[in-house]
Colleague: 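Next up is a structure, given as structure tokens.
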Number of protein chains: 2
Amino acid sequence: MSPRKSDATRRRLLDAATADFAAHGIAGARVDRIAADAGVNKAQLYAYFGDKLGLFGAVFRLHADAVVNAVPFTADDLPRYAVRLYDAALERPELVRLAAWARLEGVVTDNQVTESPAVTVKLQAIAQAQRDGRVTASIEPQDVLALVLAMALTWSAVGLSATAAPGDPSAAHDRRKRALAQAISGAFGAGRG
Amino acid sequence: MSPRKSDATRRRLLDAATADFAAHGIAGARVDRIAADAGVNKAQLYAYFGDKLGLFGAVFRLHADAVVNAVPFTADDLPRYAVRLYDAALERPELVRLAAWARLEGVVTDNQVTESPAVTVKLQAIAQAQRDGRVTASIEPQDVLALVLAMALTWSAVGLSATAAPGDPSAAHDRRKRALAQAISGAFGAGRG
DNA sequence: ATTTTCTAACTAACTAGTTGGTTGGATTTT
DNA sequence: AAAATCCAACCAACTAGTTAGTTAGAAAAT
């Protein structure tokens with residue numbers, strides 16, 4: 001928008017907002033707290049982002065690409081892709097939480113998720129891997145992708161199981177990653193089914 | 001507590017609270033709205049449940065038990081268990097949403113999830129199925145359970161993919177269930193690994 | 001008559017969003 | 001060069017509405 005506005009202030013607001021929205025969701029986040037944490041006056045926040053939902057949208061868009069895009073997708077090697085996602089979710093749990101909250105609070109629709117270019121590209125890559133005989137052809141690409149994502153995020157903040165934390169013993173991380181890679185290999189490997 | 005208090009009023013409050021908490025989460029739910037929807041005065045709500053969080057706790061415990069009792073666990077046939085969970089999540093999406101919100105808002109800890117009797121029983125059943133050679137022994141029971149749960153809830157409100165709805169064409173449900181059953185069979189079947 | 005269940009009205013604190021005005025540095029005018 | 005002007009960035013204080021939780025007492029039940 002306005003190129004003159006201070007990038008530093010904008011950035012501080014986005015950082016503070018990311019933390020607060022990730023921790024408390026949209027309804028639970030507090031505009032005053034975000035402004036205070038950023039060391040910025042509340043009126044500035046409104047000048048930059050319009051309203052609370054506009055601020056969330058900016059935060060979400062900023063990280064949305066990073067959630068799914070920063071991790072390179074390899075349809076030929078889904079186990080490794082899933083492990084990379086596991087690591088990414090571990091390193092930046094706030095991204096997963098933002099996405100989960102956006103879904104629950106209804107600010108992103110199904111169509112926005114399924115019809116995004118990032119998803120379309122992945123589906124095509126899976127279809128190609130199926131034609132090449134590297135991924136089982138008996139499960140639709142959309143379901144392969146959905147299941148791989150769900151499995152990779154099993155131990156994330158979204159999951160209903162114990163959440164993985166960076167401080168966990170590395171043996172625990174290795175154990176989960178092996179389980180994940182092996183389960184995905186068995187589920188989608190072209191050898192069977 | 002007091003055996004005299006009207007069960008009908010209590011039930012109406014729990015029903016209204018279930019809907020509101022499932023739709024908006026704890027921070028987003030409104031005590032006045034819940035009381036109005038239940039046709040009960042707000043002061044009654046506080047007499048029955050103490051405070052907002054106490055009401056959420058009651059709602060959560062009520063449905064957590066229900067879902068555990070409603071879906072029988074079959075360690076020998078994990079694909080079918082997962083499909084039953086898919087159906088249960090489809091029929092009662094509010095249960096999944098309640099659980100997701102409870103996790104995100106931090107009112108249930110990891111230990112409460114992993115150390116509950118319901119989970120312990122399932123883990124032992126999986127270990128037995130592994131000894132019987134009906135489930136792959138190369139993945140720990142806790143990870144088998146975590147992955148099966150995550151996969152079954154791929155298309156639920158928790159998932160990051162498109163959400164399944166009761167109104168979807170039955171072909172779509174069948175397609176997802178086949179994908180789910182096949183993926184779980186491949187991932188945890190004892191034939192491989 | 002007394003206990004229990006219910007209710008309207010209340011409050012203190014909090015919330016998102018606004019207002020009117022200040023600051024400090026760059027640009028223009030003299 | 002000095003004075004006048006401009007403007008984006010900034011802020012303390014405020015508003016109007018909402019929130020969880022309380023109270024004092026009426027109605028109903030036993």
Colleague: Do the side chain of Thr120(B) and the main chain of Ser116(B) share a donor and acceptor less than 3.5 angstrom apart?
Modeller: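 A pair under 3.5 Å: yes.
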Colleague: Any side-chain donor-acceptor pair under 3.5 Å between Ser138(A) and Gln182(B)?
Modeller: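 There is such a pair between these side chains.
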Colleague: In whole Å, I'd like the distance from the CZ atom of Arg33(A) to the P atom of dC14(C).
Modeller: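 About 12 Å, once rounded to whole Å.
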Colleague: Just the rounded figure in Å: distance from C1' of dA16(C) to CG of Leu53(A).
Modeller: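 In whole Å, dA16(C) C1' lies 12 Å from Leu53(A) CG.
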Colleague: Show, in sequence, the C-alpha distance, side-chain angles and deciding distance for Asp87(A) and Lys177(A), and conclude whether the salt bridge (Lys or Arg N to Asp or Glu O under 4.0 Å) test is met.
Modeller: CA-CA 9 Å; Asp87(A) 282 329; Lys177(A) 289 191 210 179; 2.8 Å; yes
Colleague: Looking only at the side chain of Asn41(B) (C-beta and beyond, no hydrogens), which of the listed nucleotides dT19(C), dA20(D), dT7(C) gets closest?
Modeller: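 Out of dT19(C), dA20(D), dT7(C), the nucleotide with an atom closest to Asn41(B)'s side chain is dT7(C).
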Colleague: Report yes if at least one side-chain N or O of Thr9(B) is closer than 4.0 Å to OP1 or OP2 of dT5(C); otherwise report no.
Modeller: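 No, outside the criterion.
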Colleague: Give the rounded distance in Å between these two atoms: CG of Leu45(A) and P of dT18(C).
Modeller: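 About 12 Å, once rounded to whole Å.
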Colleague: Checking side-chain contact (heavy atoms from CB on, under 4.5 Å) between Thr18(B) and each of Leu95(B), Leu55(B), Leu98(B), Leu13(B), which is the one that passes?
Modeller: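 It is Leu98(B), the one option of Leu95(B), Leu55(B), Leu98(B), Leu13(B) that forms the side-chain contact (heavy atoms from CB on, under 4.5 Å) with Thr18(B).
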Colleague: Is any side-chain N of the basic residue among Asp168(B) and Arg176(B) closer than 4.0 Å to the acidic one's carboxylate O?
Modeller: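 Salt bridge between Asp168(B) and Arg176(B), a charged N being under 4.0 Å from a carboxylate O: yes.
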Colleague: Any ion pair linking Asp15(A) and Arg11(A) (charged N to carboxylate O, less than 4.0 Å)?
Modeller: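 Between Asp15(A) and Arg11(A) there is a salt bridge, with a charged N closer than 4.0 Å to a carboxylate O.
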Colleague: Which whole-number value in Å describes the distance from Lys42(B) NZ to dT5(C) C1'?
Modeller: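 So the two atoms are 18 Å apart, to the nearest Å.
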Colleague: Among dT22(D), dC10(D), dA12(D), which nucleotide has an atom closest to any side-chain atom of Ala43(A)?
Modeller: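 Taking heavy atoms from C-beta onward, the closest nucleotide is dA12(D).
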Colleague: Give a yes/no answer on whether the side chain of Tyr46(A) brings an N or O atom under 4.0 Å of OP1 or OP2 in dT15(C).
Modeller: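 The answer is no; no side-chain N or O of Tyr46(A) sits under 4.0 Å from OP1 or OP2.
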Colleague: Starting at atom OH of Tyr48(A), determine the distance to atom C1' of dG17(C), rounded to an integer number of angstrom.
Modeller: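 Taking OH of Tyr48(A) and C1' of dG17(C), I get 18 Å after rounding.
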Colleague: Rounded to whole angstroms, how far apart are CD on Gln44(A) and P on dA16(C)?
Modeller: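 Taking atom P of dA16(C) as the reference, CD of Gln44(A) is at 18 Å.
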Colleague: Looking at DNA chain D, which of residues 14-31 of chain B put a heavy atom within less than 4.0 Å of it?
Modeller: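 Heavy-atom cutoff 4.0 Å gives Ala29(B), Arg30(B), Val31(B).
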Colleague: Send over the distance from Asp32(A) CG to dT15(C) P, rounded to a whole Å.
Modeller: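 Taking atom P of dT15(C) as the reference, CG of Asp32(A) is at 7 Å.
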Colleague: State plainly whether the residues Asp20(A) and Arg30(A) are in salt-bridge range, i.e. N to O under 4.0 Å.
Modeller: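 Not counted as a salt bridge, because no side-chain N and carboxylate O are separated by less than 4.0 Å.
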